[in-house]
Amino acid sequence: MDRLTSMAVFVAAVEEGSLSRAARRFGLSASMAGKHVSAIEADLNIRLMQRSTRQISLTEVGRAYYSRCKRILEEVDDANREASDAQQTARGVLRITAPVTFGAMHLGGVLARYLDQHPAVAVEVVLNDRYVDLLGEGIDVAIRIGRLLDSDLVARRLAPCRMVFCASPDFLKRHGTPRNAEDLRRAPRLAFSEAVSAGDWTLTDPSGQPHLIDGPVCMSANNTQMLLAVALAGAGVAYGPTFVFGERIAAGDLIALLPDHRTSDLAIHAVYPTARNIPLKARRFIDHLIGSFGGEPPWDLPPATPVGSVA
């Protein structure tokens, strides 16, 4: 008997709770389903399950074998689907949601290249900083930043989300460059008002001591692009993700502060409802995102020429 088919019957029997129900899944008789399982047991010289006409129970070896077989069958399905996808055209409407600033700053070029490669796909983008119910709102792929909540959704990591303290050269000339956490506490601060922990700026010094930078702020906003503009104008110290501030730091328009201190590292993920039967248009887009942002993201690349520090 074909071993892969026998493995599929065995996995189905475990999932269905009986050989007869597994047999119906494959259009077999119950006795033939039993023969498939018996063939594996005979080849391996082990007992995988105790079975009666009404129920089955796995042996310890059977439980381990079931887990391995399930993974193997899923990989075979994925390989078959990828081979089939290579001959197919992605088409239909792809609905995407992403945080406002990240989407506005970094998805434009990515989407343009995706649309060029997949002209039969139309894209609808919803930029929103609130939590979106993917199934309830018909979203194919969401980009989410930060720690993910436990859920039944599938997540693929796209890139790190590094946090940075920064200020303009003009601001540092007027106020001095912070050398430690206490200096940072005394500086005018520009804060994102809708962070998970609003105003909670943390960093760890070279000795491993954590510091909370708290107290009043001179300005807060619910959009980090607004904070970027105010920081560039020299109004204060901003704290936020390098996907917002990194390119202006690399250009020398902003200066990263306390580079010997460590800040929180979060992550950027592509999130989608299920790993099984994901539409080709969504699978191709997720692969495209990984290709665009994977490894070292463009906003974290070093400048072509070193940027001098400001005293």
Side-chain angles (χ1 to χ4, degrees), residues 97-108 125-132 142-149 159-205 209-269 297 299-300 310:
T97 185
V100 174
T101 297
F102 183 86
M105 295 185 72
H106 298 291
L107 280 187
V125 181
V126 178
L127 298 184
N128 204 319
D129 289 328
R130 68 175 175 83
Y131 181 87
V132 175
I143 295 175
R144 290 187 174 162
I145 300 171
R147 298 177 181 87
L148 298 175
L149 300 175
C161 176
R162 301 182 175 104
M163 304 295 285
V164 64
F165 295 90
C166 60
S168 71
D170 178 65
F171 173 87
L172 298 177
K173 286 177 182 176
R174 289 184 286 110
H175 294 267
T177 301
R179 302 297 181 186
N180 51 49
E182 191 55 41
D183 289 346
L184 203 55
R185 286 192 185 94
R186 291 193 291 265
R189 296 191 296 130
L190 312 172
F192 180 53
S193 60
E194 295 190 2
V196 174
S197 299
D200 184 3
W201 297 15
T202 58
L203 75 167
T204 303
D205 66 27
Q209 178 69 32
H211 298 270
L212 172 63
I213 310 302
D214 52 8
V217 298
C218 68
M219 176 185 164
S220 64
N222 66 350
N223 181 277
T224 47
Q225 279 182 293
M226 169 63 76
L227 297 179
L228 171 63
V230 177
L232 288 168
V237 173
Y239 176 59
T242 54
F243 69 74
V244 175
F245 299 98
E247 291 180 358
R248 303 308 291 264
I249 291 172
D253 300 322
L254 294 171
I255 304 297
L257 305 177
L258 304 180
D260 58 344
H261 288 55
R262 181 166 46 85
T263 57
S264 299
D265 273 1
L266 305 174
I268 302 169
H269 290 88
W299 52 81
D300 280 341
V310 175

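The two residues R144 and V132 have their closest heavy-atom pair at NH2-O, 2.5 Å. Residues F171 and G236 share a closest heavy-atom pair of CE1-CA, 3.5 Å. In terms of heavy atoms, T263 sits closest to M163 at OG1-O, 2.6 Å. Closest non-hydrogen pair, C161 versus I145, comes out as SG-CG2, 3.6 Å. Heavy atoms only, all atoms of each residue included: V237 and A187 are closest at CG2-CB, 3.9 Å. Scanning all heavy atoms of the two residues, the minimum distance from A98 to G103 falls at CB-CA, 4.5 Å.
Contact annotation: the side chain of S168 never approaches that of L232 to less than 4.5 Å [non-hydrogen atoms, C-beta and beyond]. With a 4.5 Å cut-off on side-chain heavy atoms, V100 and N223 count as touching. Annotation: side chain of T202 is not in contact with side chain of P210 (no heavy-atom distance under 4.5 Å). Under the 4.5 Å side-chain criterion, counting only non-hydrogen atoms from C-beta, D265 is not in contact with P160. Counting only heavy atoms from C-beta outward, the side chains of L184 and L258 approach each other to under 4.5 Å. L254 places a side-chain heavy atom less than 4.5 Å from the side chain of L228. Residues E247 and H106 are in side-chain contact: their nearest non-hydrogen atoms beyond the backbone lie under 4.5 Å apart.
Atoms CE and CG, on M219 and L190 in that order, are 7.0 Å from each other to the nearest 0.5 Å. For the atom pair R162 CZ and D300 CG, the distance stands at 4.5 Å (nearest 0.5 Å). How far CG of L227 is from CZ of R189: 12.0 Å, rounded to the nearest 0.5 Å. Summarising the geometry, atom CD1 belonging to I213 is positioned 9.5 Å from atom CG belonging to D183; distances are rounded to the nearest 0.5 Å. Between the CZ atom of F192 and the CG atom of N222 there is a distance of 6.5 Å, given to the nearest 0.5 Å. The CD1 atom of I143 sits 9.0 Å away from the OG1 atom of T97 when rounded to the nearest 0.5 Å.
Among residues two or more places apart in sequence or in another chain, the side-chain hydrogen bond (donor to acceptor under 3.5 Å, both in side chains) test is passed with D253 by R248. Qualifying side-chain hydrogen bond (donor to acceptor under 3.5 Å, both in side chains) partners for N180, counting only residues two or more places apart in sequence or in other chains: none. Not counting sequence neighbours, R262 has no partner by the salt bridge (charged side-chain N to carboxylate O under 4.0 Å, His left out) test.
Side chain of T177 to main chain of L172: no donor-acceptor pair is present (N/O by atom type, distance under 3.5 Å, no hydrogens or angles). Remark: the backbone N or O of S193 is not paired with any side-chain donor or acceptor of S220 at under 3.5 angstrom.
The aromatic rings of H211 and H261 sit tilted, their planes meeting at an angle between 30° and 60°. Y239 and F165 have parallel rings, their planes meeting at less than 30° on a 0 to 90° scale where 60° marks the start of perpendicular.
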